[in-house]
Amino acid sequence: MRLLSLILLLLIFAFGFLLYYVTEPFFFPGLPIFHCKASWYVDSLTASGEHYDFLALSAAHKSLPLGSYVVVKNIRNHKTVLVRINDRGPYVAGRCLDLSKRAAWRLGMLKEGVVEVHMQVIWPPPFINKNLKNVDR
């Protein structure tokens with residue numbers, strides 16, 4: 001029982017290390033990459049019930065399951081960030097993601113407000129969504 005607890009603790013630590021200390025996420029081979037427009041926003045309450053934290057690396061998406069992890073790459077400057085989906089939106093036509101202020105800062109898009117991005121869902125495994133345009137294949 002102690003060995004199982006130790007293994008579980010190590011897995012949680014390793015996953016947490018990857019989420020918080022990997023500064024340059026990368027795209028994973030074999031998973032689809034989608035092209036869309038992203039913006040950043042400030043709100044008070046999210047669809048998951050969490051209070052909006054502008055320092056968190058989070059985002060809003062219309063249909064991805066809450067808790068999904070997505071790698072987002074700014075096409076213009078090639079900066080990337082790993083975000084967790086914790087809200088619904090955006091509610092503006094033509095946009096696929098609303099990013100937190102910190103995620104937008106990491107992507108270098110605070111001044112522009114809206115940028116073209118490549119998005120890759122890494123957890124849970126991707127599903128087929130006909131509304132997204134796949135640019136990888």
Side-chain angles (χ1 to χ4, degrees):
M1 187 55 109
R2 286 186 179 186
L3 181 60
L4 182 61
S5 299
L6 180 62
I7 291 171
L8 183 61
L9 184 64
L10 288 173
L11 287 173
I12 291 170
F13 176 76
F15 188 68
F17 177 81
L18 288 175
L19 289 180
Y20 293 105
Y21 296 106
V22 174
T23 58
E24 291 297 325
F26 51 90
F27 286 120
F28 291 82
L31 296 178
I33 298 172
F34 302 100
H35 177 86
C36 61
K37 289 184 181 180
S39 57
W40 65 277
Y41 75 114
V42 177
D43 203 352
S44 60
L45 190 64
T46 64
S48 63
E50 302 172 18
H51 285 285
Y52 174 79
D53 180 6
F54 70 92
L55 295 175
L57 294 175
S58 60
H61 189 274
K62 291 177 187 169
S63 60
L64 284 174
L66 296 176
S68 300
Y69 286 92
V70 177
V71 176
V72 183
K73 179 180 180 182
N74 185 336
I75 295 173
R76 186 173 288 164
N77 62 16
H78 304 288
K79 291 184 178 183
T80 60
V81 67
L82 175 67
V83 296
R84 184 174 58 91
I85 304 297
N86 71 342
D87 201 0
R88 292 290 172 224
Y91 299 107
V92 177
R95 296 186 194 167
C96 68
L97 286 173
D98 268 339
L99 299 163
S100 66
K101 189 172 183 179
R102 182 174 180 203
W105 176 77
R106 296 273 296 267
L107 288 175
M109 61 175 277
L110 284 178
K111 283 188 177 183
E112 294 93 345
V114 179
V115 296
E116 298 277 332
V117 297
H118 285 157
M119 174 183 86
Q120 186 179 49
V121 181
I122 59 170
W123 185 260
F127 59 93
I128 297 173
N129 186 341
K130 295 176 183 174
N131 296 328
L132 296 175
K133 181 180 176 186
N134 188 338
V135 297
D136 189 32
R137 314 243 183 291

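When reading the values below, keep in mind they use all heavy atoms of this one structure, side chains included, and skip hydrogens, waters and symmetry mates.
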Student: Establish whether Leu107 and Val42 are linked, either directly or via other cluster members, by ILVMFWY side-chain heavy-atom contacts under 4.5 Å.
Tutor: yes
Student: Shared ILVMFWY cluster between Leu31 and Leu82, side chains joined below 4.5 angstrom?
Tutor: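 Same cluster: Leu31 reaches Leu82 through Ile, Leu, Val, Met, Phe, Trp or Tyr contacts under 4.5 Å.
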Student: Walk me through it: do Lys73 and Lys79 pass the test side chain to side chain contact (heavy atoms under 4.5 Å, CB included)?
Tutor: CA-CA 6 Å; Lys73 179 180 180 182; Lys79 291 184 178 183; over 6 Å; no
Student: Sort and list the pairs that fulfil salt bridge (charged side-chain N to carboxylate O under 4.0 Å, His left out) and have at least one residue in residues 49-59, not counting sequence neighbours.
Tutor: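 For residues 49-59: Glu50-Arg84.
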Student: Leu66: which residues meet the side-chain contact (heavy atoms from CB on, under 4.5 Å) condition with it, sequence neighbours left out?
Tutor: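 side-chain contact (heavy atoms from CB on, under 4.5 Å) check on Leu66 returns Ser48, Ile85, Arg88.
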Student: May I ask you to check whether over 12 heavy atoms, not counting those of Phe54, lie within 6.0 Å of atom CZ?
Tutor: no
Student: Please step through side chain to side chain contact (heavy atoms under 4.5 Å, CB included) for the pair Asp87 and Tyr41, ending with a clear verdict.
Tutor: CA-CA 11 Å; Asp87 201 0; Tyr41 75 114; 3.0 Å; yes
Student: Can you find a heavy atom in the side chain of Arg76 that is under 4.5 Å from one in the side chain of Glu112?
Tutor: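 Answer yes - side chains close enough.
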Student: Should Val114 and Leu97 be regarded as members of a common hydrophobic cluster, given that ILVMFWY residues are connected when their side-chain heavy atoms come within less than 4.5 Å of each other, either directly or indirectly?
Tutor: no
Student: Under 4.5 Å between any side-chain heavy atoms of Leu64 and Val121, yes or no?
Tutor: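 Yes, their side chains come closer than 4.5 Å.
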Student: So, do Tyr52 and Ser100 sit near enough that their side-chain heavy atoms are less than 4.5 Å apart?
Tutor: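 Result yes, sub-4.5 Å side-chain heavy-atom pair found.
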Student: Work out which heavy atom in Leu99 is nearest to a heavy atom in Ala59; give both atom names and the distance.
Tutor: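 In this case the closest contact between Leu99 and Ala59 is CD2-CB, 3.7 Å.
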Student: If you group Ile, Leu, Val, Met, Phe, Trp and Tyr by side-chain heavy-atom gaps below 4.5 Å, do Met119 and Val92 land in one group?
Tutor: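 No, it is not one cluster - the side chains of Met119 and Val92 are not joined through contacts under 4.5 Å.
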Student: So do Ile75 and His35 actually touch side chain to side chain, heavy atoms under 4.5 Å?
Tutor: yes
Student: I'd like to know whether Val70 forms a side chain to side chain contact (heavy atoms under 4.5 Å, CB included) with Ile122, so could you lay out the CA-CA distance, the side-chain angles of the two residues, the decisive distance to 0.1 Å, and finally the verdict.
Tutor: CA-CA 6 Å; Val70 177; Ile122 59 170; over 6 Å; no
Student: Is any side-chain heavy atom of Asp98 closer than 4.5 Å to a side-chain heavy atom of Trp40?
Tutor: no
Student: More than 12 heavy atoms of other residues, nucleotides or ligands under 6.0 Å from NZ of Lys62: yes or no?
Tutor: yes
Student: Distance from His118 atom NE2 to Phe34 atom CZ, nearest 0.5 Å?
Tutor: 11.5 Å
Student: List the atom of Ala104, the atom of Leu110, and the distance in Å for their closest heavy-atom pair.
Tutor: CB-CD2, 3.8 Å
Student: Could you tell me whether the side chain of Val117 reaches within less than 4.5 Å of the side chain of Lys37, counting heavy atoms only?
Tutor: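 Contact flag for Lys37/Val117 side chains = no.
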Student: Roughly how far, to the nearest 0.5 Å, is NE2 of His61 from SG of Cys96?
Tutor: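 If we round to the nearest 0.5 Å, Cys96:SG and His61:NE2 are 5.5 Å apart.
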Student: When rounded to the nearest 0.5 angstrom, what distance separates CD1 in Ile33 from CD in Gln120?
Tutor: 5.0 Å
Student: So which atom in Ala103 and which in Ser58 form the shortest heavy-atom distance, rounded to 0.1 Å?
Tutor: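 Result for this residue pair: CB-O, 4.2 Å.
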